[in-house]
Every structure is written in structure tokens, then in C-alpha cells.
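Quick notes on the structure that follows.
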Amino acid sequence: MSKQSIIVTALTSFLLLSCSEQTQVPEPLQDGLIYCSEGNPESFNPQRVTSGTTVDATASQLYDRLIDYDAVQQSFVSALATDWQALDNGQRYRFHLRRNVTFHDTDYFTPSRYFNADDVVFSFRRWLDSDAPYHSVGGGFYPFFAATGLDQLISQVQKVDPYTVDIILTHPDSSFLANLATDFAIILSKEYADQLASNRQRELIDKRPIGTGPFKFVAFKKDYYIRYQRHESYWRQGPSIERLVFSITPNANKRMLKLVTGECDVIPYPLVSELKSLNRKEIEVRSEVSPNVSFWAFNTQRPPFDDPRVRQALSYAINREAIIDTIYYGNAELAESILPPTSWASSDAELKYHYNPEKARKMLREAGIPRGFKMDIWAIPVQRVYNPNARRMAELMQSDLAEVGVDARIISYEWNTFRRRLSRSEHDTVLIGWYADNADPDNFFRPLLSCAAVASGSNRANWCHNGFDQILYQAISTTDNAQRKQLYHSAQQLLMQQQPLLPIAHSMRYQAQREYVKGVELPPYGGISFRLAGKELPAQ
Amino acid sequence: MTRYLMTRLFYFFLALLVLSVVTFSLNWLFPGDPLTNMSGIRDGQAAYNATLESRAFDSTVIQQYVNYLAHITQFDWGLSLSTGNDVWQDAATYLVVSAELVLLSFALAVLIGLPLGMLAANYFRHNLDKFILTSAMTGYSIPVFWLAQLLILLFAVQIEWLPITGQINPLYAIDSITGSVIIDILLSDSQYKLAALQDALLHLVLPVLTLSSLPSMLLLRITRNQTIEVLQKPYVKAARARGLSQKRLLFKHALPNVLQDVLPQMTFIFGLMMANLVIVEHIFNWPGAGAWLLKAIIERDYPIIQMVLFTLMGLILVLNLLVEIYRGWRFPMTREERYGGY
């Protein structure tokens, strides 16, 4: 036998050996789970970001909040705070903290004490107080807290005793608790921060994170993976898996392939129709109506869109059922209001703007719009949960509008340019949407349609209505849910009359997984959580 | 030989110098601040002024180029614009990752290409020759990215034998120390070394197969043509007339002469593999220099682009030099061809 043939034989037999011994699943694979996430996290601290990718990789895995929101019971439940009271007419909230909660013990930090009030005060001051030593670490921007006004609302965070904290508000606001239960209001370790500060390594706090969550951070390799290890002394029921890996896979096709080959156990944003056509019984596709809405906003500061009759007429001209079928493949619900039907404040109002080109044409003539009127539709250039294909949607609307004698032109820029020009109100109308961060209905109204939002640039309709603002303000000043529900109903009534925007769809959020994965549920709000994740591998 | 060696070395360093001029001028050709493109330090950062001085940006372009050369000879390629890490430090593992993939693919290409090429030549114009040649032509014509998709569909999706992305299942928690997954597994203190090794080898199959397809087919064709040519030389006929066995004839007499002409093609094949490396690494999520370069191009991370381009091209030049020196030493005729004397 020549040397070459020996090598060839050795190589082939080794490969064959590797292929044949697949019956036994090695231990590290049995108690580990791979989630193929869609991108790199920007940081390991959700306080500093709003991107869903970063929230997924951090909030529920590494950290805990004072309180959580239970979507099934639609109520707040205790987390790091065991209970809480509203005092001083809702201007002071007192939180009693859980005892014996441990922070992560890693090779870069060993905690010497349990979680206490100092950690809460430190975590809140990080984004609240611009004089706090850690405030400017990483740039000093805390977009979620700025957008919700939480940094203006909270005047002080006080330690009463080691296990009691008071949060004092400038005025009563019933959306306060909902904002505390979001993925952004997480608790960091003050002891770790002090250790970093004394080593002059402050910036590491968001790169090598320490929290109280169900997993601790092990390693991150940009573009490839994030590795986590189970937090063994977690204060409540933790996962049954020991290791968690986020395998970073931006390409949707590749995510699907990796799920099929078993290299991923769970994937977000699957290509639903293609996955279903593969028809594999070992793969489950799960969906959840998520709190989002896509809409068509009219720039109400530009004539003729300042006339409610024109906005109503254009709303009648759009065939939204067809849009749901062609753009969302039926995976969405026709929106009656900007508030999703899953919200406790949603009204069961009748759908008002049924597709009716006849009526639209008549109303347009009454409003004095000539045949052949020209307008622009701006369509977002990126895929979003609420709108998978805005350009195609705009094309459908273009032909609907041609039916009623309106000549629409579709405009799309690169995403950053698009947002910049949009906030300068250069548009006639725009196809865009909104994704809620918390369960409070206020999250759909104030950031989208209040007069303050016109100034901050997030009111895409540039619609400022004093009566409407009044209702919103009343609704957040009371904690009585029945009364709030009443107020939100009248707000929605007013919106339907004024029609500054046409709600189009509430789309579903999808996740696909191997059937043996248990306990990875799609949360209706916020990021994915692996707290209860487990695997039930078929018996060998 | 000395003269030959000196000339080769002279041309090698000349080529490197030209290459460095190209990467140096890229800093101006890329949009933005040339100093930032070169060092990865943005205007407004604390280190900007110091860098301005150390890179001689207050002086003439010639001086800047000299400083640039000084920096790159010390492997100082600046900081990455997207991560802020030192480019050369990051590069080490990426380059080893790619080296592992390239070496394995190259070995496979040689193992497939040489024997099959000689086999085909031995059966010149027989059916076996036609069959091998047709397969080689087909293999040669399939674009790498398409072949990769076909292999994935067949071996990963249809019969579920092989994984498609990465070096190893990340759950094995093998830390990347050298970059070469096989060496890393052997170095690690994991209790599941054997299982991990098996997993890593399975991960290697598809990328290696894909990357070696084109070079092996090329080698096959070159080897076949050269062997046919050599086998028709008078000395072979004479040897055959003296009753030498075909096997002895092929391996003892033809092969060394065939290699003499195949060897220079190796550098060309190596260059081709570098181009395909980017595609293969991207498709199979291989954490190597090719995928890193592609990512840097998308993110416009100029320090990384320069460094990877320079290194990959430099490697091709080094290989070229080594092959030429070897040929010059082993086959004195080469020297004579070029300079008409020893």
C-alpha cells in the first residue's frame, strides 16, 4: 500500500466513523439550548437601548425588574419587589424588596452581599441623575426613559431602609407601574459598579454584565455567538437547561435552514409560509398577537390633509382586507383602532371605514378634490414586525387610490434618511407603525398622537388636538381602571371621527422551534425569555 | 543560484512595497478622514492629536508613507472602526481559522487532483479518461456559491448528516485560543473532547469540500495535460522500450517532471482559493479572515480592510517566492531559462 492510499483510507474511515456514531446525543447538547438571534446586541444593558435585538439578549436573561407584568392575568406581579403601595395620592410609591437574592458569581466578579436597596437606588440613578458617576458611561443616552418621560416623572429615589425604597413622582401617573415592568427598568449591582470604579474600568459594566437574572454572561463573539450559563442560586424557578447560546444569524433563510438541520432550537422572525410548506412535524411555529399596529398617517399640517373630510374619504378608498391577505398572508388582524384588541382598554366599536370606493369618490368631490389629484405615499424601506413589506403595501394602495381618481406616488429613502426627513415633516402621508413597550394603553396614544409628540417628532400625523390631549391627560391622572377605560373609549371615538391616520393591521409575532423545546413562550410585551426553558429529548 | 535568489528576493520586496503603496493610498481613496481610515481613531477622540503626530500628518505625504511603513512593519494596523479593538490582535485568530480551512482544502485538492489527473493521462483517450475529464469540466464550471447551496440541500437538509454553520456546535463551549478548532479542542479542558472533535470534523466537511472543488479540478486538468505531454517525450519512449513497468515509468520518471510544471500553478490556485475563501466562509458562517473582510467591507471598517487585503496578498506573494526558490533550487533549468546561465 502506498503512502497516499494509507492517508486516503485513514481519512475516509475517520469521516465514516464521525458520521455513523450519531445515535447518542452528547451531554453538553442535551442540557443546552441554541437560540438563533437576528443580530448583535449593541450593549449588554437594556437601559441604554430600544432595539428589540438587544432587549432579547439581555433583559429577561441577565436581569430582573422590581415588578413584572403577567399578560395572562393582565396584572403586575412581584419580582425583586415583594409588594408595593401607592402613597400620597399616587405621588409616592413604596417598594418592599425581596431578601436573599444573589447576583451572578462569575470569574470577573464575586458578590459579597445580597441584593438590597442600594442596588435599586444605583440602577435608577444611572439613567435618572445626570450627576451620577455612571450616568455618562456609554454616552449618557437612555432613550426609553426619555421617550416615556419617566426621567421627568420621577423626582427622587430614596432608600428608606436596606429593604425598602421610595420612588417619588412629580405628579401622579397611572402608567408609572407599567413602565417599571418593562424590559428597560432592570436592576444592576452597585457592588460590581463600585469594584469597576475602583479599578478604573467603568465602561465594562455594560460589556461584562452582572445581574440577578436566570442566566449569567459567559462570552460574546461579535457576529457569532453569546454564551450564557445558568445562574444556580436564582431566587425563583429557573430553567432546566444549563447552557444557553445565542447564535447570531441575521439571514432569515439561513435561520430557517439551521432550524431544519437542528443547529438552532428556536428562531425568531421565521419565514412562516416557507417553513409551513416544508411540512416537517419536528418543527413548531408559534404565533402571538403582539401589541403593534401599522397605519397610514396623513400629514395634517399640509393641505388638503388638514381637512378631516379628505382623510375620511381616503380611508374609505383603501381595501384593507386585500392588504391583510397579500402583505401579511392573513397573519394579521384588521385594525379597527390603533389600540390592539388584546388591550384591556380596547373598545368593541364597529369597523367604520369599510372599503367603499363609491363613497370615497363622492366625499372627495364634496371636499373639493379634483380628479387626478397628486399625492405622495412614503413607505418605510425596512421590514418591521408590524409591516413586512411597506413598499408592496404602498403599491396596492396606489391602485386603490387610482380607482377614486387620486394619483399617488411612492417614495422611499434609505432608513436613516427616511426617518430624518420624516421628522422634518416633508411627507404628505406615510406608511409606518408602532410597537408597544408595555401593556398600558397610554403607550399607544401619547407617544403617537399627542401635541407633545408633534414637537418631539414622533407624531407622524403632526396632529395636535386640544380636546384629545385633555382626554389623555385625564386618563393618566387616575388609577381607576373603569374610568380610564371610559376615557380611552372616547379618545378612540374622537380619533375615528378625526381620522389623522388610518389603522391598517395588528400583525402576529412568530417564533419557530423544534418540538422538544419547552417553556420558551412568546411574550406579548418585550423580549423573549428563557427563564423556564427546557428540552424534552425523545428517549434514545 | 545566488544571483537567482537575489533577483527573486528583490522582486518580492518590490511587490510588497507596491502593495503597501496601494493600501496606503486607499486611505485617501476611501471616503472620510484619511487619518481615521488609517488608524481607526476618530476626530474628537482624546488620542486623535497624538496619532496625528505619530503618523506625521502635519508633514509631507512621503513622510506619512514612511511612518505608515514603520507602523505596519510593527503590525500596528490601527483600531477597528466598529469595535475599537486592535486590528492585528483580532486578526491573529481570524487568520488561523482561515489557514486551517485553506490548508485542509488544499491538501484535499492535491489528494484528488494529482492522482486522478495521472490516472486520466494513463488512460489517455480511453473511456475512463473521458469520464474523469467530463466530471472535472462539470465540477470546474459549477460556481462555488451554487455548489455550496447544493451540498447544503443534499447533505444537511435532505439526509441530515452534516451541520452547515460555524466551526463547532457552540454548546461545547470550546474557547477560541488559537483559532484552529482542532487545536483548540485538544488544548481545552472539556470532558467531551472526543465528541467535540467529532462535531468539529463534521462541521469541516462541507466547507472543505466546497473550497477544494475548484482547485482540485484545476489541478486534475493541469496534471493530466502535463502528464500526457511528458509521456510522449522520447526519454519515456526509450524507458518503455527498455521494459520499464508502466507504474515505475509514471511515478519515477514522469511524476517529477510533471510536478515541475504543476508547481508554479499552485500559487495561481492558491490565489483562486483566497477569492473563494470569502464566499465559502460567508456561506458557512466560518469565523475566518474572509468573512471578516466581507463584514468589514459592509461596515466600512477601513483599518480591517487594509490589513486583511495586505496580509492575504502578501501571503500569495510569499508562497510565490517560496515556489520559485524551490524550483530554482530543484530544477536548475528554470534558472537557465530565465537568465541563460547558472
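All chains are named by letter (A, B, ...) in the order of the sequence lines, taking the proteins before the strands, and each is independently numbered beginning at 1. Just so it is clear, the values below take in all heavy atoms, side chains as well, and ignore hydrogens, waters and symmetry mates.
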Apply side chain to side chain contact (heavy atoms under 4.5 Å, CB included) to B:Y172 and A:L29, showing your working. CA-CA 7 Å; B:Y172 280 110; A:L29 307 192; 3.9 Å; yes
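Summarising the geometry, atom CG belonging to A:L33 is positioned 7.5 Å from atom CG belonging to B:L171; distances are rounded to the nearest 0.5 Å. Note: A:Y225 OH to B:S176 OG = 6.5 Å, rounded to the nearest 0.5 Å.
Applying the 6.0 Å contact sphere to NZ of A:K518 captures more than 12 heavy atoms from other residues, nucleotides or ligands. Residue-environment remark: CZ (A:F141) stays at or below the threshold of 12 foreign heavy atoms within 6.0 Å. Counting non-hydrogen atoms of other residues, nucleotides and ligands closer than 6.0 Å to CD1 of B:I177 gives a total above 12.
A heavy-atom distance below 4.5 Å is found between the side chains of A:R280 and B:V157. In this structure the side chain of A:T261 never reaches within 4.5 angstrom of the side chain of B:P163, judged on heavy atoms.
For A:E263 (side chain) and B:T165 (main-chain N/O), a donor-acceptor pair under 3.5 Å exists by modelled atom type.
Considering all non-hydrogen atoms of both residues, A:R227 and B:D175 come closest at NH2-OD1, 3.0 Å. Taking all atoms of both residues into account, the shortest heavy-atom contact from B:H282 to A:K254 is O-NZ, 3.1 Å. The heavy-atom pair separating B:Y192 from A:P28 by the smallest distance is CD1-CG, 3.3 Å.
Residue with the most contacts toward chain A among B:G166, B:P287, B:S190: B:P287 (heavy-atom pairs, distance under 4.5 Å). Most heavy-atom pairs under 4.5 Å with chain B, from the set A:L244, A:N251, A:I248, A:D223: that is A:D223. Between chain A and the residues B:S82, B:A156, B:A173, the largest count of heavy-atom pairs under 4.5 Å involves B:A173.
Only the side chain of B:I152 has a heavy atom closer than 4.5 Å to any heavy atom of chain A. Both the backbone and the side chain of B:N285 come within contact range of chain A, judged by heavy atoms closer than 4.5 Å.
Not counting sequence neighbours, A:E242 has no partner by the side chain to side chain donor-acceptor pair (under 3.5 Å) test.
In this structure, A:K221 satisfies the cation-pi test against B:Y94, with its NZ or CZ atom closer than 6.0 Å to the six-membered ring centre and inside 45 degrees of the ring normal.
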